[in-house]
Amino acid sequence: MSENIVEVKNLKKYFPIKSGVFKKTTGHVKAVDDVSFSIKKGRVLGVVGESGCGKSTLGRTMLKLLDPTEGQVTFTGKNVYGMSRSELKSLRTQMQIIFQDPYSSLNPRLPVYEIVGEAMLQHGIVKNKKEMMNKVVEVIGKCGLFPEQASRYPHQFSGGQRQRICIARALAVNPEFIVCDEAVSALDVSIQSQIINLLKDAQDDFGLTYLFISHDLSVVKFISDDVAVMYIGQIVEKGPKKQIFDNPLHPYTEALLSAVPSFDPSLKATKKRIILKGDIPSPAKPPSGCRFHTRCPYAHDVCKTDVPEYREVEGEHFAMCHKVNGVF
């Protein structure tokens, strides 16, 4: 059996653009365009990129919260998109998501014990409400909340506490794989560190596998084992964390890493800031050839016409760039 718990092959998610009186489809926003990767069991894959590059759409499409346009996702060898409704319901306990906004992802009319315990009853993990309450208290306790807080409502909690509730809700059904969609971006720095440590502890305790979506490279560097860099719906570079941060191959990755602020005076003097020129192209009309060529400082004529292929460099380190492929 493959050691990969999740495998994504040629995944595409296009959103139609409708216009005119009759709302005819006149184009598509290519939010995720031909993405392929795999995640080994027990590891964390960090996905980074600018806002609007398709990170969140990728995570939601993998879980079939959004229907794919094309492609395949397999979880423990089973095709997620080929499952029946009952099979997909069973899969929900194994694949969970922590949403970006803890304020809008919690039902304001339900107390914590119902928010966290509802799925347990739905999937038959607990037999009755008494057993559910005991399990809820146990789960929220592992997430840093107190038993008496189980009867409170979301508006009675701070942002960090709400995110702990979201994590508890995801852990309550004993999942194997969790998509963390910007799980700490709405929190201040001190709370971020608590939530990240909580996620790390949960991974150790439950043997979890994460797809960690973030635009904060320092957070990704801390929590991830591997990193994938997205640009306008495509993964342009993927590899082990150390290789990505120490030896980036793609010019876009170089620019992203140069933007990370440094508090070390010795590094500030030697660090070169790469300023990308121009605006991010529209995913509705991505550039021909290499999608990064309109902003790339190394672009040649071949970049405007030919789509670069992935080239493996140093084991599992891949990059999608003509420069890396030795074309020029």
Side-chain angles (χ1 to χ4, degrees), residues 4-18 25-39 44-75 78-83 88 91 95-101 177-183 185 209-217 220 224 226-239 244 250 252-253 256 279-295 307-310 318-321:
N4 296 325
I5 190 170
V6 176
E7 293 184 356
V8 178
K9 296 181 181 178
N10 307 113
L11 185 62
K12 297 181 181 180
K13 177 57 183 177
Y14 296 170
F15 294 97
I17 301 172
K18 297 183 182 292
T25 301
T26 56
H28 289 88
V29 175
K30 299 179 179 180
V32 178
D33 195 11
D34 200 18
V35 167
S36 300
F37 62 88
S38 60
I39 309 176
V44 181
L45 173 64
V47 180
V48 301
E50 293 169 293
S51 295
C53 70
K55 305 186 298 294
S56 295
T57 303
L58 171 63
R60 295 182 185 212
T61 307
M62 286 175 62
L63 301 184
K64 209 183 177 183
L65 298 179
L66 296 172
D67 290 325
T69 303
E70 196 176 304
Q72 180 179 337
V73 174
T74 56
F75 177 75
K78 301 173 184 176
N79 182 9
V80 174
Y81 302 145
M83 291 183 174
L88 192 60
L91 182 71
M95 302 175 75
Q96 284 286 306
I97 183 170
I98 301 169
F99 292 101
Q100 177 177 357
D101 185 6
F177 173 67
I178 298 179
V179 173
C180 302
D181 183 12
E182 301 273 14
S185 65
T209 305
Y210 291 140
L211 178 76
F212 192 87
I213 298 168
S214 179
H215 60 264
D216 191 331
L217 289 169
V220 170
S224 300
D226 305 287
V227 178
V229 182
M230 283 194 75
Y231 184 76
I232 316 182
Q234 293 183 334
I235 290 179
V236 296
E237 184 170 358
K238 179 181 179 295
I244 292 287
H250 199 280
Y252 178 62
T253 310
L256 280 182
D279 297 325
I280 304 174
S282 170
K285 292 183 179 179
S288 59
C290 174
R291 294 189 175 183
F292 188 59
H293 83 262
T294 58
R295 306 171 72 197
V307 178
E309 297 179 354
Y310 281 105
F318 294 85
M320 188 179 180
C321 177

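- With rounding to the nearest 0.5 angstrom, the CD atom of Q100 is 8.5 Å from the NZ atom of K55.
- A side-chain donor from one of Y14 and D33 sits under 3.5 Å from a side-chain acceptor of the other.
- One finds the CG atom of L66 at 4.5 Å from the OG1 atom of T61 (value rounded to the nearest 0.5 Å).
- Under the 4.5 Å side-chain criterion, counting only non-hydrogen atoms from C-beta, I280 is in contact with R295.
- Nearest heavy-atom pair, L45 versus A228, reported as atom, atom and distance to 0.1 Å: CD1-N, 3.9 Å.
- Between F292 and Y231, the ring planes are perpendicular. Angles over 60° get that label, and only those under 30° would be called parallel.
- Using cut-offs of 30° and 60° on the angle between ring planes, the pair F75 and F177 is tilted.
- Residues R291 and T294 share a closest heavy-atom pair of O-OG1, 4.2 Å.
- Between L256 and V229, some side-chain heavy-atom pair lies under the 4.5 Å cut-off.
- Once rounded to the nearest 0.5 Å, the distance linking CD1 of I97 with CZ of R60 reads 5.5 Å.
- Rounded to the nearest 0.5 angstrom, S36 OG and K238 NZ are separated by 11.0 Å.
- At a threshold of 4.5 Å between non-hydrogen side-chain atoms, the residues K12 and H28 do not count as touching.
- The distance from atom CG of D181 to atom CG of L65, rounded to the nearest 0.5 Å, is 10.0 Å.
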Exercise for review: Would you check, one step at a time, whether the test side chain to side chain contact (heavy atoms under 4.5 Å, CB included) holds for T209 with V6?
Suggested key: CA-CA 9 Å; T209 305; V6 176; 5.8 Å; no

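- For the pair M320 and Y252, the minimum side-chain heavy-atom distance is 4.5 Å or more.
- In terms of heavy atoms, G59 sits closest to V179 at CA-CG1, 4.0 Å.
- Here the CD1-CE distance, from I235 to M230, works out to 6.0 Å after rounding to the nearest 0.5 Å.
- Between I98 and Y210 there is no side-chain heavy-atom pair separated by less than 4.5 Å.
- Looking at every heavy atom in both residues, G289 comes nearest to V307 through O-CG2, 3.8 Å.
- The two atoms that bring P286 and I232 nearest to each other are CB-CG2, 4.5 Å, heavy atoms only.
- Nearest approach of P16 to T25, heavy atoms of both residues: CB-CG2, 4.0 Å.
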Practice item. Could you walk me through whether K13 and T69 pass the side-chain hydrogen bond (donor to acceptor under 3.5 Å, both in side chains) test, one step at a time? Key: CA-CA 5 Å; K13 177 57 183 177; T69 303; 4.8 Å; no

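- Contacts of F212 classified as ring pair (Phe, Tyr, Trp, His ring centres under 6.0 Å), with partners at least two apart in sequence or in another chain: none.
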Review point. Given F37 and D226, is the side chain to side chain contact (heavy atoms under 4.5 Å, CB included) satisfied, shown in steps?
Key: CA-CA 11 Å; F37 62 88; D226 305 287; over 6 Å; no

